[in-house]
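The block underneath contains the structure these notes are about, expressed in structure tokens.
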Amino acid sequence: MAVKRNGCEGCADITCVSSKQVLAQDVSKGVKTAYDRIKARGTSACLFGSTGTCCRHCNMGPCQIIDGVEEMIGVCGATAATVVARGFCRTIAAGAAAHTDHAREMVKGFIETAKGNSPHGIKDVSKLMMLAGQFGIDTEGKSVNEIGVEVGEKALSEFGKQDDAPLTMLKRAPKKRQAIWKKLGVEPRSVDREVTEMMHRTHMGVDQDYRNLMLQASRCSLSDGWGSSMLSTELTDIMFGTPEPIRAQVDLGVLKKDQVNVTVHGHEPLLAEALCLAAQEPDMLKLAKQAGAKGINLAGVCCTGNEILMRRGIPVAAGFIQQEMVLATGAVEAMVVDVQCVMQSVAQVAKSFHTEIITTNYRAKMPDAVHLQFEEHDAMGSAKAILKRAIGNYKKRGKCFIPVDTKLDVVVGFSHESISYQLGGRFRGSYRPLNDNIINGRIRGVAAIVGCDNYKLADDVHEKVAKELIKNDVLVLATGCAATSLGRAGLLRPEAAREFAGPGLAEVCETVGIPPVLHMGSCVDNSRLLIAATAMVEEGGLGEDICDLPLSGTAPLWMSEKAVAIGQYFAASGAHVIFQNLPTTGSKDFHNYITKEHEEVYGGLWEVEEDPIKLAQKMIAHIDKKRAELGIDKKRERVLFDMEMRRDLGGIPDAGCHGPAAE
Ligand code: SF4
Ligand code: MSK
């Protein structure tokens with residue numbers, strides 16, 4: 001139903017209860033949000049831009065191309081297929097670059113940590129040893145920190161190496177997949193090089209064969225998924241701890257009326273982790289009390305939020321689409337931002353309140369915000385300086401509105417390791433029970449719902465897709481803002497299995513004590529899904545490659561270029577990927593390539609569907625196709641679990657509550 005507020009009727013369809021509540025208050029009266037701007041823009045979006053046929057790669061353009069119309073090709077002669085392919089490939093390069101630059105910061109932060117120059121430490125030693133093995137590092141007689149420095153330096157060298165040897169992390173993919181990449185010549189050689197080459201090949205007058213362009217797009221995206229993102233996730237886990245199931249809360253209601261509210265927004269957890277430590281320091285708490293507050297309440301927005309949610313149970317106040325709503329509560333003393341997905345409008349929304357927007361990364365400044373550079377060598381100093389400003393703002397807080405009744409309980413923290421332990425038991429972690437339950441049909445398959453929210457489309461798409469999937473016994477893995485939105489929909493609770501899942505999936509989830517939708521982290525953490533898929537292949541019984549698995553992935557409300565890079569690394573890894581609203585329909589040949597021919601080459605492909613339910617059904621259809629190919633599509637007798645079978649499934653009695661429960 002369209003929301004009505006401040007005389008603005010029908011500002012797109014908002015179903016989110018907490019957003020509606022905030023926008024209906026007097027407190028938010030002067031606030032303009034993306035909903036207002038999208039309404040003002042109306043349906044005037046450029047058709048050429050929407051279908052991918054606008055080229056401005058040189059100054060003879062912009063050229064607007066119409067597929068099949070001879071007079072409507074580029075001045076240089078570029079066809080619709082070339083122009084659409086170039087645009088798509090550049091989107092992938094930009095997305096991969098964002099992940100990569102983030103990952104580089106994490107690797108450098110990890111090296112400083114291993115050298116003892118940060119307040120953090122090495123928490124997951126066994127993962128460090130696993131990575132050391134992968135890099136061929138001799139660990140004999142070396143301290144954990146010495147090994148850490150060597151692993152970090154090897155990881156950093158993957159970004160800029162100049163030889164043609166493939167990236168080390170590719171070895172983690174199934175053997176058959178590695179052979180496909182080798183045969184096609186798409187094994188990434190270095191992280192930075194693939195982005196640079198993609199930008200070069202899409203420059204005017206270079207690569208003008210869409211199939212050839214897409215080979216480099218695959219190589220570039222794989223350097224993200226199996227390269228920089230995977231390194232970032234693994235080193236972040238080693239430094240801050242590999243996530244384990246933990247209870248927490250999401251939605252705007254996690255803000256606290258009587259505390260200093262500090263939201264952390266963006267993607268890089270280095271500063272956010274330091275803020276978590278600093279917010280517990282006696283001197284900071286004393287300052288907060290002196291200002292009249294009961295404490296300091298940290299809450300996440302977007303993927304910085306997901307990082308500290310997964311590891312510490314720090315609540316997430318908002319995903320991408322709610323970043324302005326958090327401020328419109330009037331209850332936030334400071335919004336601390338790092339990189340990616342921070343809308344410039346937050347600085348304008350904050351002007352209506354006492355809130356300060358604090359930028360912390362030299363790469364990402366904005367007008368009307370305060371800049372306090374995060375100094376890695378003095379992480380606690382930076383964190384405390386930020387908290388002091390926020391505490392100073394607490395007394396200036398005016399009227400505020402926190403929709404307390406909307407916060408939702410969630411169980412998060414499903415790394416690929418913790419899924420294995422949850423299913424296989426603490427002492428014999430394994431994907432065997434998952435594979436067995438897929439083979440016996442209790443679980444029909446696995447789906448990934450990842451990526452952003454998008455003001456252009458309805459805000460309940462994730463929920464609709466997920467409910468359709470779990471109703472049909474498909475286990476859902478979620479990351480990024482999609483995971484936050486599924487948390488708001490109540491699907492990250494173990495009880496959701498009984499309420500919404502089909503009988504087979506519900507039985508497995510209830511036996512093991514997991515929700516039917518598993519939160520696996522931030523958008524960089526999509527690499528966890530690649531590792532989980534590989535683990536399923538290696539466990540046996542479901543084929544020999546990712547393309548054999550009954551698996552499908554979607555980022556229906558994608559907004560960021562990173563989502564397209566993620567989509568391509570999944571498709572090039574053999575997965576079925578389905579999005580809404582992809583700017584590729586302007587060329588029949590190119591669209592046909594990614595949606596059909598791509599499958600013949602990689603076993604994985606793209607699909608596009610606008611209707612959420614049909615989108616979910618297409619995911620299920622792909623899962624069923626794979627089940628038929630594996631010969632596991634025959635109906636099997638449904639057997640109720642007896643005690644012995646439950647033991648075999650390895651349910652963990654304390655599942656989901658290893659960490660501090662959020663208040
Ligand atoms: Fe036009 Fe070709 Fe230049 Fe693109 S590269 S703007 S199609 S002339
Ligand atoms: S933050 S990339 S809106 S998931 Fe990762 Fe959310 Fe998409 Fe940004």
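Model, not experiment: these values are computed from the prediction. Just follow the structure's listing: the first ligand is 1, and inside any ligand the first atom is 1.
- For atom 8 (Fe) of ligand 2, the tally of protein N/O/S atoms lying closer than 2.8 Å stands at 1.
- Side chains of Glu609 and Gln580: no donor on one and acceptor on the other come within 3.5 Å.
- Heavy-atom contacts of Gly61 reach the following atoms of ligand 1: 6 (S) (cutoff under 4.0 Å).
- Outside the 6.0 Å centre-distance limit, the rings of Tyr569 and Trp226 are not counted as a close aromatic pair.
- The heavy atom nearest to atom 6 (S) of ligand 1, out of those in Cys76, Cys55, Pro62, is found in Cys55.
- No part of Gln64 comes within 4.0 Å of ligand 1, judged by heavy-atom distances.
- Arg528 has a carboxylate O that lies under 4.0 Å from a charged side-chain N of Asp525, or vice versa, which qualifies the two as a salt bridge.
- Lys464 has a carboxylate O that lies under 4.0 Å from a charged side-chain N of Asp460, or vice versa, which qualifies the two as a salt bridge.
- Ring centroid separation for the pair Phe88 and Trp606 comes in under the 6.0 Å cut-off.
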- Chi angles and distances behind the salt bridge (Lys or Arg N to Asp or Glu O under 4.0 Å) call for Arg363, Asp101: CA-CA 10 Å; Arg363 296 172 180 84; Asp101 218 27; 2.8 Å; yes

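- Here Glu197 pairs with Arg201 in a salt bridge; the nearest charged N to carboxylate O distance falls below 4.0 Å.
- Coordination check, Cys58 versus atom 1 (Fe) of ligand 1: failed, since every N/O/S atom of the residue sits at 2.8 Å or beyond.
- Of the listed options Gly77, Gly87, Gly74, Gly74 places a heavy atom closest to atom 7 (S) of ligand 1.
- For the residue pair Thr479/Asn526, the side-chain donor-acceptor check at 3.5 Å is satisfied.
- For the residue pair His591 and Thr584, a side-chain donor N or O sits within less than 3.5 Å of a side-chain acceptor on the partner.
- Protein heavy atom nearest atom 1 (Fe) of ligand 1, with residue, atom name and distance: Cys63 SG, 2.3 Å.
- Of all the atoms in ligand 1, the ones that sit under 4.0 Å from a non-hydrogen atom of Met204 are 5 (S).
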